Each structure stands twice: as structure tokens, then as C-alpha cells.
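Heads up: numbering here begins at 1 and tracks the sequence. We count ligands from 1, going down the list as the structure has it; atoms in each ligand are counted the same way. Since this is a predicted model, take the numbers as computed values, not measurements.
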Amino acid sequence: MEQATFHDFHISAEILQALTGLGYETPTKVQTEVIPLALQNQDLLVKSQTGSGKTAAYAIPICELIEWEENKPQCLVLTPTRELAAQVKEDFTNIGRFKRIKAASVYGKQPFNKQKLELKQKTHVVVGTPGRVLDHIEKGTLSLEKLKYLIIDEADEMFNMGFIDQVEDIIRNLPVERMTAVFSATFPEDVKKLAEQYMKEPVEIEMEAQQITANKIEHSMIGVKEEGKFDLLKDLTIVENPDSCIIFCRTQERVDDLMDSLDRLGYPVDKIHGGMYQEDRFDVMDDFKRGVFRYLAATDVAARGIDIEAVSLVIQYDIPMEKESYVHRIGRTGRAGRTGRAVTFMTPAEKRYFADIEQYIGYKIPIQKAPSKEEIEKRRADFQEKINAQPELKEDKSAKLNENIMKLYFNGGKKKKIRAVDFVGTIAKIDGVTADDIGIITIQENSSYVEILNGKGPIVLQEMKHTTVKGKQLKVHKAR
Ligand code: AMP
């Protein structure tokens with residue numbers, strides 16, 4: 001059979017253009033199964049791992065189905081973590097770029113009022129963590145009247161984290177006439193119950209986890225005493241000399257300590273855990289994705305859903321507390337067709353948990369010997385060279401998509417009674433520019449942002465310096 005292409009789904013040219021820009025040439029397996037059904041508004045229960053392209057599997061059909069003219073949210077996506085919420089929002093923005101889909105993310109530890117203002121504007125898709133979404137619903141700042149699509153992403157994790165009551169509270173507030181799709185790496189009882197209770201004859205789609213865990217990722221474990229772990233880590237990193245490596249620890253404290261120890265040895269290292277400020281967490285993840293540093297010490301907050309290209313090595317410094325975490329942690333490597341390595345440290349006391357993990361993944365994890373002295377010495381020079389080298393920064397996958405887009409800042413907004421149509425009316429009159437060249441418009445109290453597409457940014461910027469909007473001459477410059 002010929003391989004499917006995105007054209008086969010009969011989606012609009014605007015979405016196809018964005019997919020091309022993102023470098024998505026052929027649909028992944030989960031996309032091939034999910035997209036046609038989702039386009040028919042079919043309820044779906046999908047068992048799939050992160051890394052399988054599942055975000056786009058729902059974002060593509062939803063961007064297609066959304067009615068641009070409607071100002072109130074039509075789609076709600078619930079995610080267990082703030083990082084995942086931010087990433088899903090970005091995926092919607094990228095895929096919906098040329099259709100001018102407006103996505104907003106809401107999560108805790110960020111100013112409520114700022115989110116409230118954003119939700120007041122035209123918003124097609126809202127992505128959020130359950131607590132903050134419920135908060136907005138209860139305060140009446142998130143309109144649900146026009147909601148037609150509900151996505152619950154990483155459902156099993158959501159319930160592991162104790163969000164089930166909040167998720168149910170949210171669902172009870174939604175219109176009954178809607179499509180619901182649940183994505184989960186596993187289908188525990190909670191997930192099945194939720195499906196029975198709130199979904200309409202969902203079609204079940206299962207992607208084999210095995211394929212991901214066994215084929216693309218080489219697993220192994222090394223036996224070690226607790227007090228020998230740090231030396232083993234040093235030896236292993238010298239021998240493996242990874243370009244990009246995540247080291248998972250059990251607690252925030254252990255992450256702090258490990259990062260300090262590696263830092264003292266000159267490793268390009270940073271850390272992420274739930275005890276850090278949200279902004280810092282985002283900054284760290286961004287820098288790690290761009291390759292600013294190569295070693296990330298992390299708790300399980302980094303284990304779920306986060307999409308980092310080309311993590312070549314995952315080290316489980318401490319074994320995971322739950323067997324499910326094993327799959328998620330090692331799923332940070334071997335993504336998007338790449339191969340990866342996952343090495344787990346196992347103390348004698350932890351041996352008994354291992355049988356459980358192996359049974360769960362249905363695969364025996366081979367035991368590896370600790371690196372030998374000769375190996376270490378042989379590789380030491382290469383390792384040192386890489387440690388001392390300036391990192392080569394990676395290009396963000398949306399960079400190509402965005403290269404022809406310029407975001408302009410204007411120093412006037414709602415207070416000056418300026419609306420989006422005023423910008424469209426003015427800008428589309430400029431010679432050589434049409435309404436199709438205008439992307440997302442965001443109007444705030446005292447400022448506005450307008451995206452100009454198709455490389456027309458410089459012309460618009462030049463012209464708007466001496467063109468009024470609704471009779472007012474605004475200051476304009478390229479937004480940050
Ligand atoms: P996800 O499973 O949603 O976390 O996606 C995993 C990675 O695959 C992300 O970096 C996506 O940008 C990428 N991706 C998704 N769909 C495709 C596709 N059809 N072709 C190439 N890459 C894709």
C-alpha cells in the first residue's frame with residue numbers, strides 16, 4: 001500500500017502549508033488513525049505514547065474543524081503539567097498559523113488576571129492544567145458556551161497526580177454536544193470509567209507501546225550501591241559522551257545535589273523540578289531544547305510529554321517510584337525516528353521493583369557492566385573536549401515556519417478603541433499586501449500585536465510608520 005500523505009485527509013491548504021513549514025512530510029501512525037475519525041467528530045480513546053506525534057494527531061483535525069469567525073473558545077485541552085500545556089499551545093499555534101488559530105494556555109503560578117484578559121479576546125483553543133482551568137470556569141472568565149471539542153491529554157498521568165475530581169468537575173460544566181478525545185499511555189480503571197461515563201461510544205485506538213520502547217531505545221541497567229552512584233555516573237558519562245542527556249532522580253533535593261556536584265566538575269548542566277518557579281522551569285527547558293547545556297538533572301516533572309529533540313541518553317540515577325514512569329522517562333529519548341539509550345542504576349535493595357517494571361514493559365532489561373578503567377581512559381580525551389566545547393545551538397523546529405513572519409508592536413489598543421478589524425482594514429490597503437498576509441492579531445489595553453505573514457513584514461512596518469489606524473498615528477516597531 002502506498003504511504004498516506006497529509007493530502008489524503010482532505011484538509012485545507014492553510015493547514016497543509018503549516019505542516020510543510022514544520023517539516024511534517026508523512027503522517028505518523030497515530031495521526032493516520034486519528035485524523036480521519038476526529039474530522040468526523042468521533043469520540044476517541046487513544047492509547048499512545050508521547051513521541052508518537054499524538055499532539056498533532058488531534059491538533060491537525062481540530063485546527064481544521066474550528067470556525068475562525070467564532071470568538072469564544074471551541075476547544076479545550078487538559079494536560080497534567082504546565083510545560084506540556086505550553087508546548088501543546090505552541091503546537092496549535094504552529095499548525096494553525098495560516099488559518100490564524102488563536103490558542104491560549106492557562107496554568108497555575110501565573111497571574112490570573114493576565115490570563116483573564118487573554119481569554120476575553122478571540123480565542124479558539126484553550127490549553128490548561130485542570131486546577132487553573134476550573135478556577136477560570138468558576139470565576140466566569142472562561143466561556144464554555146461554544147465549546148465543541150474536549151481533549152484530555154496524558155489522562156493516566158492526570159489521574160496519577162490526583163486531578164480526577166477536577167477533571168470531572170470541568171467536564172460537568174461543558175456542553176453535552178461535543179466531541180471528546182482522551183489520549184493516554186496506559187488505560188487504567190480511572191481512564192476507562194471516565195470514558196464510559198462521559199464519552200459517546202468512543203472508538204478505541206491502540207498503538208503498541210512495545211514498538212517504541214523496544215525497537216528504538218536500547219535499554220540496560222547497571223547494579224550499583226547507593227554510595228557508588230555518583231562515581232558510576234561520572235564514568236558512564238565519559239564513556240557515553242552524550243550530546244544531550246537527562247538524569248532522573250527521585251526527589252528535588254537529590255536533583256539539587258546532583259546538579260551542584262556536576263556543575264563543580266565543569267559539566268554543562270542545569271536542573272528542573274517542581275520546586276522551582278514556573279518561569280525558571282520554562283527557561284531551563286527552552287535552553288535545554290536549544291542545546292545551551294547538555295546535561296539536565298530532573299525529577300519526573302520532566303518525564304511527561306515534553307518534546308525535546310535528540311536526547312541521546314537517559315540515565316535513571318534512581319529507579320522510578322511507579323512502573324509507568326519508566327516508560328515515560330525513557331520516552332524522552334528515541335523520539336521522532338531517532339534511536340536512544342536508556343541506562344538505569346539499580347541498587348541491591350531495588351532489585352525487587354525491577355521485576356515489576358519488566359513485567360509492565362513486557363521486555364527483559366539487559367544487565368550491563370559498569371565501564372572498565374580502560375574504556376574510561378580511552379574515551380576521556382574526547383569527553384573532555386566536548387565538555388569544553390562551545391555548544392552548537394539547535395534550530396527550533398518552528399523556526400522555518402516562522403521565518404517569513406514578523407510580529408509588529410503598536411502602542412495603542414483597547415483604550416484607544418482600536419479593534420482587530422481596524423488593523424486589517426488599514427494594513428490590507430497597503431500596496432502589495434492583502435488580508436491573507438495578516439496573521440494573529442492581539443489587542444491589549446494599551447498595545448496591540450499584529451503578525452505579518454509571507455515575508456511582507458518589512459513593507460508593512462515601513463508603511464505603518466506614517467499611516468494612521470482609526471485616525472490615530474501609532475508608534476510601531478518589530479515586537480521582541
Ligand atoms: P508528540 O508525540 O506529540 O510529543 O510529538 C513528537 C514529535 O514528533 C514532535 O517533535 C513533533 O513535532 C514531531 N512530529 C509530529 N508529527 C510529525 C510528522 N508527521 N512528521 C514529522 N514529525 C512529526
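Residues passing the side chain to side chain donor-acceptor pair (under 3.5 Å) test with Arg379: none are found, sequence neighbours excluded.
Between Thr55 and ligand 1, a contact under 3.5 Å exists for at least one N or O pair. Of the polar atoms of Glu25, none of the N or O atoms is found under 3.5 Å from an N or O of ligand 1, judged by distance alone.
Which parts of ligand 1 touch Thr26 is read off a 4.0 Å heavy-atom cut-off, strictly below it: atoms 18 (C), 19 (N), 20 (N).
Here Phe6 has side-chain heavy atoms under 4.0 Å from ligand 1, and that is the only part of it that gets that close.
Checked against the 6.0 Å centroid criterion, the rings of Tyr149 and Phe92 do not qualify as a close aromatic pair.
Phe187 does not carry Lys192 over the face of its six-membered ring by the limits of under 6.0 Å from the centre and within 45° of the normal.
The side chain to side chain donor-acceptor pair (under 3.5 Å) pairs that include a residue from residues 121-130 are Asn71-Lys122, where partners are two or more places apart or lie in different chains.
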